[in-house]
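What follows is a single structure, written as structure tokens, with notes after it.
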Amino acid sequence: MREAATVQHDHSAVATRPATVVATNVGKVFGSGASAVRALEDVSFDVPQGSFVSILGPSGCGKSTLLRLIAGLQPITSGEIAVNDHTPDEMRKAREFGIVFQQPILFDWRTVEQNVALPLQLIGTSKEERKRRVGEMIELVGLGDFRRHRPWQLSGGMQQRVAIARALAFGPRFLMMDEPFGALDMMTRERMQTELLRIWSSRPGTTIVFITHSISEAVLLSDRIVVMSARPGRVMRVIDVDLERPRTDEVRKDERFIEIETEIRDLIFSQEHA
Amino acid sequence: MREAATVQHDHSAVATRPATVVATNVGKVFGSGASAVRALEDVSFDVPQGSFVSILGPSGCGKSTLLRLIAGLQPITSGEIAVNDHTPDEMRKAREFGIVFQQPILFDWRTVEQNVALPLQLIGTSKEERKRRVGEMIELVGLGDFRRHRPWQLSGGMQQRVAIARALAFGPRFLMMDEPFGALDMMTRERMQTELLRIWSSRPGTTIVFITHSISEAVLLSDRIVVMSARPGRVMRVIDVDLERPRTDEVRKDERFIEIETEIRDLIFSQEHA
Amino acid sequence: MSAVVPPPADPAAAIATPATRPGGRLFRLRANHVRAVLAPLVLFVLVIWLWQSEFFHNLFGLETFAVPLPDRIVEAFGDDSRRLREAFGETFAPAMIGFVGGNLLGFGLALCLMALPPGLGRRGSALGAAVAALPIMAVAPIVALWIESELWFKSVTVIIIVFPSMLVYAYRGMTGVDPTALELMHSYRASQWQVLRELRLPHAIPQIFTALKYTTVLMLVAAVICEILRAHNGLGYEIHDSLVSFGTARAWAAVVLLGLTGIVMYVLLLLVERFGFPWALRQEQS
Amino acid sequence: MIDSGYNRTREAMITAAIVIGVFAVWYLAAGIVAAGDDPLANAKLPYPHVIVERFFDDFSSVMSAAWTSLSTALLGFALGTAVGVVLSVLMVQAAWIESALMPYLLAAQMVPMIALVPISQTVFKNDTATRLFISAFITLFSVTVAVVRGLKAAPPPARELMKSYNAGRLRTLRYLDLPAAMPMLFSGLRVAAPLSLVGSVLVDLMGGSQGLGYLMLAAQTFGPAQATLVWVAMFVLLALGFLLAQAVVFAEKILAPWQPAMRQGSH
Amino acid sequence: GSSDDDSGDESASTGSSTTASTTAETASAPVCRGDDIRFQLSFFPNAQHTGFLVADSRGFYRDAGVNVKTIPGGPTVNPSLQLAQGNVDMAMMDFTEAINAAANGAEITWVGQTYQSDPLRYVSINRDFPLAGPEALRGAVVGTQQVGELEPELRGMLTDAGLSIDDVRIESIDPSIETLLNRRIDVLPLQTFFHISQLQEAGYRIPGDIDVLDPNELGVGVAANGVAVNNAFYAEHRDAVACFLAGALRGWETAIEDPRGVQRDVEGAQEAGLASPEATAINIEQTIDLVTRRADGGTSEPLELDMTYLDESQRRLLEARVIEESVDLGELIDPEPLARAKAAAGS
Ligand SMILES: Nc1ncnc2c1ncn2[C@@H]1O[C@H](COP(=O)(O)OP(=O)(O)OP(=O)(O)O)[C@@H](O)[C@H]1O
Ligand SMILES: Nc1ncnc2c1ncn2[C@@H]1O[C@H](COP(=O)(O)OP(=O)(O)OP(=O)(O)O)[C@@H](O)[C@H]1O
Ligand SMILES: Cc1ncc(C[n+]2csc(CCO)c2C)c(N)n1
Ligand SMILES: [Mg+2]
Ligand SMILES: [Mg+2]
């Protein structure tokens with residue numbers, strides 16, 4: 001990361017901040033009978049207010065499912081999730097969540113611009129404000145020349161960026177991002193990371209739950225990392241990243257950074273032989 | 001990479017092998033008039049017979065488009081591509097290409113098993129052979145427990161693995177893979193890399209064209225790397241990776257490895273300030 | 001911090017480079033269009049020619065008083081043009097009212113069904129579809145008992161005949177959306193109305209157009225049958241009247257008029273779909 | 001969670017409420033009609049129980065008529081669907097084929113039965129063939145329009161996948177386009193299934209001497225005293241139409257269960 | 001027409017009051033061995049078809065050596081077109097339809113006249129329109145069941161009363177009395193064999209509650225129901241047509257002899273439950289009246305081809321412009337098969 005995260009942010013020790021998302025013994029089963037899939041089991045962790053929490057874990061371990069549960073999009077099979085002392089569903093209804101799904105989910109009947117404008121339209125933002133914010137976000141994700149294109153005319157990474165712009169434009173208190181940078185090249189990815197941190201710091205109180213497959217990305221961005229194991233998905237370890245912010249690219253060479261990275265790597269690969 | 005690529009492979013110097021894919025001044029324009037997009041311009045490079053060639057480049061630079069052109073799926077606007085001295089279309093009709101698209105493209109009306117079996121069914125493989133190969137591939141991508149599930153019951157990474165299994169099961173002479181491991185966690189990704197190399201070496205003469213966003217993945221796997229720039233997509237540099245095979249995880253610490261990685265990184269970031 | 005994302009392309013680059021090959025995209029497109037217009041014309045001329053030369057009559061053993069030759073039909077058009085024009089108006093007005101009313105009703109009912117639980121909604125949609133099993137012959141006379149005005153009797157009958165198709169198609173189109181897209185909308189706490197307008201409705205466009213295309217046929221057929229059975233004006237009456245009095249040329253002139261009306265309506269819908277909702281018809285772009 | 005909160009008892013209660021509501025309104029309306037001194041009251045809107053009584057009075061003739069209609073309908077439905085699918089497949093092969101054939105198909109639908117039936121009798125010179133033709137003809141169009149649209153529904157990338165296997169038209173059709181057309185096809189079938197009854201009823205009228213259509217039209221012409229029989233036949237038709245539509249829903253659940261709308265818990 | 005027919009030529013073209021029966025003695029009895037005949041009824045089977053239905057159910061056709069398949073008609077079936085196209089071999093229809101078909105080139109021959117007088121009656125149940133005579137039609141909303149030009153009967157009545165068509169409002173209606181009962185029209189033409197019983201079932205006393213104009217009495221009646229044969233079929237099966245008529249004659253004679261006795265036969269053919277036994281009895285009675293009583297009040301044998309009546313009818317149809325040009329009735333009508341049928345009955 002070149003000049004990433006030169007912005008300011010509240011970096012009081014994560015553990016001391018009040019929790020905003022509290023997951024307690026969460027379980028989720030899909031289907032029933034013989035073909036039932038236990039996607040999550042006994043998942044407990046919490047997300048401090050205004051923090052950046054990443055979820056790491058092998059493919060199919062239930063990360064996306066967990067995100068859906070927190071956002072109140074699917075019913076929990078067992079256990080409980082509280083978000084700001086409310087149920088996820090109540091928070092969803094209060095429009096507190098901005099979600100970037102793993103698939104971009106763009107509407108073919110809307111142009112890039114209109115797709116980004118969708119949530120603003122839904123919450124009734126005024127036309128000028130909408131135009132301004134949409135324009136800004138589209139520039140931010142580097143799609144200025146593609147405002148009027150349709151989703152199917154975009155490359156995979158461009159589609160993903162539209163989805164990111166859509167979630168950011170909306171300015172929610174909780175940003176839930178499911179591998180948002182998965183389809184991006186390194187350069188674009190780093191730029192997006194920087195922008196994300198910038199936006200996050202410019203909106204104090206915004207909490208981010210972030211799913212990624214990149215350990216270094218998780219360490220670089222997060223206050224806390226939840227490492228999961230698969231089948232059924234469980235929390236293996238919750239790691240607080242106590243690196244100073246703002247973190248520049250230099251932090252990658254920081255001893256503590258490498259230590260945390262290695263801890264997670266070892267944790268993950270320990271599984272392999274389990 | 002833990003135990004990656006302990007297999008044998010022809011590693012005569014890449015440059016000396018005969019070219020199988022030859023792209024000459026390839027151009028591709030989408031649409032027309034004011035909204036036309038020049039996706040590719042003057043792209044020339046070649047892919048040696050039986051080699052592993054990666055394409056690197058920023059989001060939207062035309063990698064996926066290039067892959068489609070090589071596979072004869074879209075008409076070329078200008079220039080020419082020859083594959084084994086035939087047109088891409090002829091080669092496509094000879095069923096020489098196995099493609100993993102950027103999106104998994106699974107059929108909802110087929111189970112995981114049936115999706116993997118699709119190309120085998122199309123080329124008329126016998127039932128037992130089909131069963132055997134499908135079973136093998138599904139195990140290989142770690143979806144043994146999900147044979148009978150439907151695509152929408154899978155996580156994003158699992159879907160991508162089904163698509164990979166489908167391309168491998170088919171055993172084509174050209175494997176074209178568009179960010180196949182993009183949605184996979186590190187551990188699964190490394191395992192898939194190893195398996196890919198194993199399969200590649202067990203099928204001599206198979207040529208792989210591989211799109212990725214990970215520079216180290218490209219260096220680790222490839223004989224040759226084509227680095228592209230964006231808008232319009234052009235070839236910035238073609239780099240031959242002259243590292244010994246088999247390459248183990250140790251190779252990452254190899255001086256030459258780091259040299260190539262740095263060269264590409266610098267190349268890419270030089271763009272930023274252009 | 002400078003832009004990592006590629007700098008905006010130089011504007012000139014965005015301008016289309018002309019296709020280098022003369023047989024390129026533009027030309028192919030036009031060839032397609034030409035063929036799409038030419039094919040029906042050629043077939044039309046062929047069919048008319050074979051018909052006029054009594055090829056079909058000989059092939060199927062038809063009598064010219066049962067199926068008149070094209071020149072006689074054209075003649076009938078000339079002879080009875082005023083009468084046919086009036087009759088056309090008498091048929092088209094209620095057909096159109098019924099078309100609009102029936103499709104609106106069908107769509108409205110589909111919306112009501114969406115408010116019900118899914119299982120019940122599906123059953124309701126099947127019940128709606130069952131109304132399509134009511135033959136016009138049964139419905140028309142009962143409606144006629146209630147409504148004296150010929151125009152409104154026909155219109156109401158057409159509505160009853162038309163609405164089930166739209167109900168079925170619209171309901172299915174609106175319920176068949178991608179579950180994750182629904183989740184996206186729910187994450188914004190989009191109201192039912194917003195989900196409808198932004199997601200379900202656009203998603204249902206292909207199905208809705210299919211229903212519209214199909215009901216153009218129904219509306220005319222229903223109006224005509226009304227006219228044959230109870231009302232005694234319009235093209236249906238002309239057809240019936242001519243057939244019973246052996247004036248088949250006039251009957252077929254009316255049939256031709258009906259066919260043309262149907263085709264024009266269909267083409268109009270096709271155009272609206274293609275230009276109003278291009279994304280719904282997106283074909284392989286190359 | 002979203003859209004859920006409905007359960008079976010709730011569904012049953014809503015169903016019951018709707019049914020009771022409909023009957024209440026009906027009785028009320030019929031009462032109002034009967035109260036005036038209208039000689040045609042029982043033709044305009046008879047009481048439900050009067051219809052039920054008449055149904056049982058003429059049970060055997062109504063049932064045999066129903067069976068005649070249903071059997072012809074099923075045959076016509078099968079034939080119309082088969083021909084419709086084949087025709088649609090033909091039409092999506094090229095835009096010019098579609099634009100050449102569609103106008104004729106459309107125009108043909110506009111030829112009133114009163115003209116078409118005698119002609120087809122002349123052509124087929126066989127009663128059974130004519131019956132089948134007419135009833136298939138009625139279902140044909142709705143199936144064709146739907147399937148033509150459905151066959152264009154597969155997303156372009158999926159078509160590319162098939163192209164990469166050099167799957168050819170037939171196989172692309174079989175493995176991609178036809179399955180992808182299923183939702184549309186079943187929409188078409190759901191409309192066509194009850195409609196095939198209309199086709200059958202039409203055939204009943206055109207020289208048949210049995211069937212619900214025959215019963216209905218005859219009852220209508222035999223004077224106001226027979227009007228309840230018209231209503232009986234109408235409700236029997238409605239019931240048969242509902243059963244056919246349900247059968248299509250059932251078939252869809254078995255043949256095309258992968259669709260989003262069919263997945264558990266979704267709308 | 002039956003160009004090779006010589007026996008009927010003279011009587012038909014002279015327009016004298018001779019009937020086909022005069023040739024009976026010279027005709028030879030037909031011989032039939034199971035020829036197939038598709039016979040189209042003019043409507044749903046009902047009392048108006050009594051004789052034919054009796055012949056069918058009691059096997060008279062079979063006895064005469066023909067194998068008759070009786071095909072029901074209905075509002076959507078046009079018997080003259082069916083016959084002209086050869087979809088059926090013989091058909092029952094109104095004389096008006098036959099003459100019209102012939103004028104338009106249909107190759108058919110008229111071989112029997114079922115009704116000897118006009119079955120149409122103009123009725124009013126509306127007290128505002130007492131139908132004392134045709135003059136009372138002024139200002140009335142009059143229904144017409146016949147599609148196409150005006151019923152010649154109505155036109156005749158208006159002319160007699162010194163009225164023009166502009167003095168009434170014509171409204172086309174279907175063959176049902178619902179419009180009348182729904183009080184949408186003032187005057188309805190109804191068929192005695194079908195609608196009188198329906199009015200009685202609806203609670204009207206006849207006569208009494210209802211005013212009636214009778215075209216026969218007013219001298220404006222036209223020939224209605226009869227039997228025609230397709231010429232191609234006729235050329236091949238001359239005997240079969242005669243045999244058919246022989247069977248039909250027996251049917252009608254049986255019905256005339258014992259109207260009550262044939263009620264079961266009619267009910268068997270008519271869709272169950274469509275007409276009450278009382279209504280059917282009335283309909284049969286009315287039908288037999290039409291079959292046996294001539295418009296001038298004289299009696300007639302069943303199926304008699306009364307050339308005077310038919311000639312006169314054509315004249316009225318021309319007057320009313322139902323047809324444009326006159327048709328050579330000698331071409332259209334062939335009394336020979338009826339004569340041979342009678343010969344068969346006699347032998
Ligand atoms: N709708 C569904 N029906 C049935 N099973 C499901 C459904 N959605 C997810 N699952 C199952 O739940 C498990 C977890 O899926 P999830 O999508 O949460 O994984 P993930 O951690 O996001 O994986 P990835 O990194 O590959 O996206 C998987 O085994 C998957 O098969
Ligand atoms: N069907 C299409 N119609 C119009 N433009 C298209 C189409 N497909 C691709 N493009 C344009 O072509 C360019 C290259 O797209 P392509 O998908 O090849 O990029 P990519 O290198 O694969 O990017 P990514 O890494 O994000 O997947 C983009 O600008 C895109 O907008
Ligand atoms: C009871 C009875 N009513 C009417 C007709 C005459 N008719 C038969 S079919 C038809 C409609 C036109 O095809 C008409 C007016 C009849 N023969 N018997
Ligand atoms: Mg996921
Ligand atoms: Mg791509």
Side-chain angles (χ1 to χ4, degrees), chain C residues 32 35-36 39-40 43 60-62 66-67 114 116-120 122 126-127 129-135 137-138 141-142 145-146 164-165 168-169 172 175-179 186 206-207 210 213-214 217 220-221 224-225 228 236 239-240 243 251 255 258-259 262-263 266 282-285, chain D residues 2 6 10-11 14-15 40 43-44 95-97 99-100 102-103 106-107 109-112 114-115 118-119 122-123 141-142 145-146 149 152-153 156 159 183-184 187 190-191 194-195 197-198 201-202 205 213 216-217 220 230 233-234 237-238 240-242 245-246 249 259-261 263 266-267:
Chain C
N32 267 344
R35 246 186 304 174
L43 194 57
F60 297 124
L62 299 172
V67 183
M114 305 246 316
L116 295 175
L120 210 59
R122 273 201 287 275
L127 192 61
V131 175
L134 294 182
M137 282 91 142
I142 292 176
L145 284 181
W146 283 94
S165 308
V168 169
Y169 278 103
R172 293 190 46 123
T175 50
V177 297
D178 175 4
H186 288 312
Q207 303 239 14
T210 305
K213 284 178 206 161
Y214 177 55
V217 172
L220 290 169
V221 169
V224 164
I225 291 185
I228 290 179
I239 291 170
H240 191 236
L243 282 180
V255 168
L258 278 172
I263 291 169
Y266 191 91
R282 109 180 129 101
Q283 284 294 297
E284 210 159 321
Q285 326 250 322
Chain D
I2 291 126
Y6 291 116
R10 175 113 184 258
E11 245 181 49
I14 297 177
T15 312
L40 293 178
K44 285 183 175 171
W96 64 269
I97 302 183
S99 61
M102 199 50 117
L106 258 159
Q109 289 290 318
M110 307 279 179
V111 181
I114 185 171
I119 295 170
T122 312
V123 170
F141 191 69
S142 79
V145 173
R149 191 64 184 74
K152 297 174 182 168
R159 196 156 281 130
M184 236 3 174
S187 289
R190 214 190 272 195
V191 171
L195 212 74
L197 277 169
V198 175
V201 162
L202 268 174
L205 300 172
M216 199 179 288
L217 203 65
Q220 230 152 47
V230 179
M234 255 176 57
L237 261 177
L238 206 61
L240 288 180
F242 180 69
Q246 280 292 359
V249 172
Q259 300 170 61
R263 292 174 203 163
S266 62
H267 209 293

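The structure displayed is predicted, hence computed values, not measured ones.
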All heavy atoms of Ala146(D) vs all of Tyr169(C), minimum pair found to be CB-OH, 3.3 Å
Ranking Gly262(C), Pro206(C), Ala251(C), Pro164(C) by heavy-atom pairs under 4.5 Å to chain D gives rank one to Pro206(C)
Heaviest contributor of heavy-atom pairs below 4.5 Å to chain C, chosen from Ser187(D), Ser99(D), Ala100(D), is Ser187(D)
The interface call for Val123(D) against chain C, heavy-atom contacts under 4.5 Å, is both
> Do the side chain of Arg172(C) and the main chain of Pro183(D) share a donor and acceptor less than 3.5 angstrom apart?
Replying inline: yes
Residues passing the side-chain contact (heavy atoms from CB on, under 4.5 Å) test with Val221(C), sequence neighbours excluded, are Ile136(C), Val217(C), Ile225(C)
So, the part of Met234(D) with a heavy atom under 4.5 Å from chain C: the answer is both
Tightest non-hydrogen contact, residues Ile142(C) and Lys44(D), listed as CG2-O, 4.3 Å
By side-chain contact (heavy atoms from CB on, under 4.5 Å), Ala107(D) pairs with (sequence neighbours left out) Ile263(C)
The single option from Val224(C), Val255(C), Ile239(C) that satisfies side-chain contact (heavy atoms from CB on, under 4.5 Å) with Val111(D) is Val255(C)
Honestly, the part of Leu43(C) sitting under 4.5 Å from a heavy atom of chain D is both
